[in-house]
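None of these values were measured; they are calculated from a predicted model. Computed from heavy atoms alone, side chains included, the values below leave out hydrogens, waters and symmetry copies. Chain identifiers are assigned alphabetically (A, B, ...) following the order of the sequence lines, protein sequences preceding nucleic acid strands; residue numbering begins at 1 within each chain.
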Amino acid sequence: MLDIKYLRNHFEEVKDKLHARGEDLSDLEQFETLDQSRRTLIAKTEELKSERNNVSKQIAEMKKEKKDADDYITKMRAVGEEIKKIDQELREVEEKLDKLMLSIPNIPHESTPVGETEEDNVEVRSWGDVPSAENLKPHWEIGTNLGLLDFEKAAKVTGSRFVFYKGLGARLERALLNFMMDLHADEHGYEEMLPPYMVNRDSMTGTGQLPKFEDDAFKIDGWDYFLVPTAEVPVTNYYRDDILSIDDLPAKFVAFSSNFRSEAGSAGRDTRGLIRQHQFNKVELVQFVKPEDSYEALEELTKHAETILQRLELPYRVMSMCTGDLGFTAAKKYDIEVWMPSYETYREISSCSNFEDFQARRAGIRFRREEKQKPEFAHTLNGSGLAIGRTVAAILENYQNQDGTVTVPKALQPYMGGKTIIS
RNA sequence: GGAGGAAUACCCAAGUCUGGCUGAAGGGAUCGGUCUUGAAAACCGACAGGGGCUUCAUCGCCCGCGGGGGUUCGAAUCCCUCUUCCUCCUCCA
């Protein structure tokens with residue numbers, strides 16, 4: 001959410017900046033009317049309330065002195081009616097204004113490249129050599145042939161875009177989960193967290209999934225609960241409506257969760273393999289920082305995610321998302337893309353974002369620099385560190401051997417009971 | 001699932017039955033001061049956040065006793081509703 005005062009005072013400037021995102025800004029035109037009538041109504045009702053407060057005190061005095069106060073009471077009855085009417089009107093205006101404010105995306109940071117589509121994203125750096133082997137199989141074939149993955153059984157038991165991991169496949173997923181959690185907790189200074197897999201509406205609104213993207217979420221029938229699309233939601237909302245002390249910042253959490261996405265609008269895309277599932281596992285990094293530190297923190301957090309790929313010796317590149325490809329909530333975003341041999345291209349495996357105070361404002365996440373000072377909004381960041389299913393896919397493809405087996409990356413061998421090869 | 005009880009400021013806690021100098025007693029913690037060689041103790045003082053209008057800034061005004069509604073001239077106090085927590089029964093990984 002944007003600062004309403006900033007929007008009021010820099011309306012044209014904000015509009016221009018949002019235009020670069022390719023957003024439909026037609027709703028924004030209501031802003032000035034709604035904002036103005038809200039303030040007018042508040043002034044009216046508060047003046048009447050002030051009068052009511054004063055007269056009610058007088059009535060109390062008169063009653064105590066056994067004087068007749070009926071005239072005042074009659075008068076205040078009318079004032080009360082008027083207040084009720086204005087308050088109702090105010091509520092309607094505020095509801096509309098809230099809805100509008102919640103639907104305005106974040107303003108891109110000045111360092112975010114301007115562009116319309118993913119074609120305009122900018123490569124920041126790349127790591128590792130892209131192999132030029134032939135005869136490469138896609139990961140679903142490798143995984144199915146080796147008995148690591150079973151998509152057919154999952155389709156029977158649940159439906160499309162689900163998978164069973166089996167044997168060493170299940171073990172590989174679990175090894176990666178432990179490897180990633182250990183690395184971030186032990187070497188990168190994150191506190192470990194296992195969050196709930198369901199969250200309420202306020203949490204989904206706080207991080208920006210709602211109200212605009214309800215179609216993307218799985219909602220629990222009969223409850224106002226949603227399956228988490230990412231651990232970002234429960235972990236960021238951990239501090240919702242809290243005022244942190246300056247000593248709490250930076251707060252860094254690494255959380256594992258399964259993630260659930262409806263993939264509405266993705267019909268026909270990535271229908272095979274692990275790339276696009278309704279349920280997938282992910283290790284997520286979340287940081288709460290002081291505003292002046294957030295861009296440094298974004299670089300740091302992105303490097304933390306990259307470290308995983310470097311230890312696994314998987315080639316990747318880092319892309320800076322352009323204004324048109326930023327997503328709703330981010331001011332700046334890096335995608336880390338891993339090399340996928342069978343696709344002969346890089347595929348997203350991590351997304352690292354600085355939301356500045358956009359989420360903090362929605363979720364009421366604040367901190368105080370000094371005891372008596374006014375609270376300020378913190379900056380929030382997060383990034384995948386990493387998406388585990390896609391990491392499995394990348395390992396199967398990049399570490400496949402001509403005989404159909406898969407070599408276990410060195411860094412994972414301790415987590416695989418010393419196994420060096422999956423056959 | 002059934003039956004009860006509770007939610008007051010950083011923490012504890014009075015007030016709720018009997019609505020009105022409660023814009024919230026009292027205690028603790030914290031911060032500042034007096035005293036002291038220093039500390040402790042004692043004593044004095046401070047201690048709610050948010051929104052709006054106005055202002056250079058203050059002052060002032062509105063909201064505020066878990067959330068949201070309602071009754072009333074007036075609500076921490078009465079009514080409805082939701083949430084969370086506790087006790088007992090039942091069930092359960």
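- Of all nucleotides present, only B:rA3 satisfies the Watson-Crick or G-U wobble test against B:rU87, with each distance under 3.5 Å.
- Distance check on atom C1': B:rA42 versus B:rG49 gives 33 Å, rounded to whole Å.
- Between B:rG33 and B:rA40, the two P atoms lie 13 Å apart (nearest whole Å).
- At B:rG19, none of the side-chain N or O atoms of A:Lys63 fall inside 4.0 Å of OP1 or OP2 (strictly under the cut-off).
- Note: A:Tyr295 and A:His109 have parallel aromatic rings, judged against thresholds of 30 and 60 degrees for the angle between ring planes.
- Taking only side-chain nitrogens and oxygens, A:Asn53 comes nearer than 4.0 Å to OP1 or OP2 of B:rC62.
- For the C1' atoms, the distance linking B:rA13 with B:rC88 amounts to 26 Å, nearest Å.
- A donor-acceptor contact under 3.5 angstrom links the side-chain atoms of A:Glu46 to the base of B:rG51.
- Ring-plane geometry between A:Phe218 and A:His278 is classed as perpendicular, the angle between the planes exceeding 60 degrees on a 0 to 90 degree scale with a lower cut at 30.
- If you measure from atom CG of A:Asn9 to atom P of B:rG52, you get 11 Å, rounded to the nearest angstrom.
- Relative ring orientation between A:Tyr190 and A:His188 is described as perpendicular, the plane-to-plane angle rising above 60° on a 0-90° scale split at 30° and 60°.
- Rounded to an integer number of Å, the gap from A:Leu90 CG to B:rG69 P is 11 Å.
- For B:rG67 and B:rA76, the C1' atoms lie 15 Å apart once the distance is rounded to whole Å.
- Distances from the side chain of A:Arg38 to the nucleotides B:rG51, B:rU72, B:rC73 place B:rG51 closest.
- Remark: A:Arg52 is in phosphate contact with B:rG74, judged by side-chain N or O atoms under 4.0 Å from OP1 or OP2.
- Across the protein-nucleic acid pair, A:Ile42 atom CD1 and B:rG64 atom P stand 14 Å apart, rounded to whole Å.
- One finds a side-chain N or O of A:Ser50 lying less than 4.0 angstrom from the OP1 or OP2 phosphate oxygen of B:rC62.
- Mapping A:Glu81 and A:Ile243 onto RNA chain B via the closest heavy atom, the residue that lands nearer the 5' end is A:Ile243.
- Rounded to whole angstrom, the span from the CD atom of A:Glu82 across to the C1' atom of B:rC73 amounts to 16 Å.
- Picking from B:rU84, B:rG49, B:rG52 the nucleotide with the shortest atom distance to the side chain of A:Tyr225 gives B:rU84.
- Atom CG in A:Asp202 sits about 19 Å away from atom P in B:rG66, given to the nearest Å.
- Comparing B:rC61 with B:rA3, their C1' atoms sit 48 Å apart, to the nearest whole Å.
- B:rA9 and B:rG28 are spaced 14 Å apart, taking the C1' atom of each and rounding to whole Å.
- Note on A:Arg366: every side-chain N or O is 4.0 Å or more away from OP1 and OP2 of B:rG49.
- Annotation: cation-pi geometry not satisfied between A:Lys153 and A:Phe164 (NZ/CZ under 6.0 angstrom from ring centroid, within 45° of ring axis).
- Here the closest heavy-atom approach between residue A:Asn281 and residue A:Ser258 is recorded as OD1-OG, 2.6 Å.
- Per the geometry, NZ belonging to A:Lys49 stands 11 Å off C1' belonging to B:rG52, to the nearest Å.
- With hydrogens and angles left out, the side-chain atoms of A:Glu300 and A:Gln287 include a donor and acceptor closer than 3.5 Å.
- For A:Leu41 and B:rG51, the CG to P distance is 19 Å, given to the nearest whole Å.
- Comparing B:rC65 with B:rG60, their C1' atoms are spaced 25 Å from each other, to the whole Å.
- Taking the six-membered ring for Trp and the full ring otherwise, the centers of A:Phe367 and A:Phe377 sit at least 6.0 Å from each other.
- Atom name P, nucleotides B:rU18 and B:rG27: the rounded distance is 30 Å, in whole Å.
- B:rA9 is unpaired under the Watson-Crick or G-U wobble criterion, no partner having all donor-acceptor distances under 3.5 Å.
- Looking at which nucleotide of RNA chain B each of A:Ile73 and A:Lys5 is closest to, the 5′-most match is held by A:Lys5.
- Atom CG of A:Asn54 is separated from atom P of B:rG20 by 19 Å (rounded to the nearest Å).
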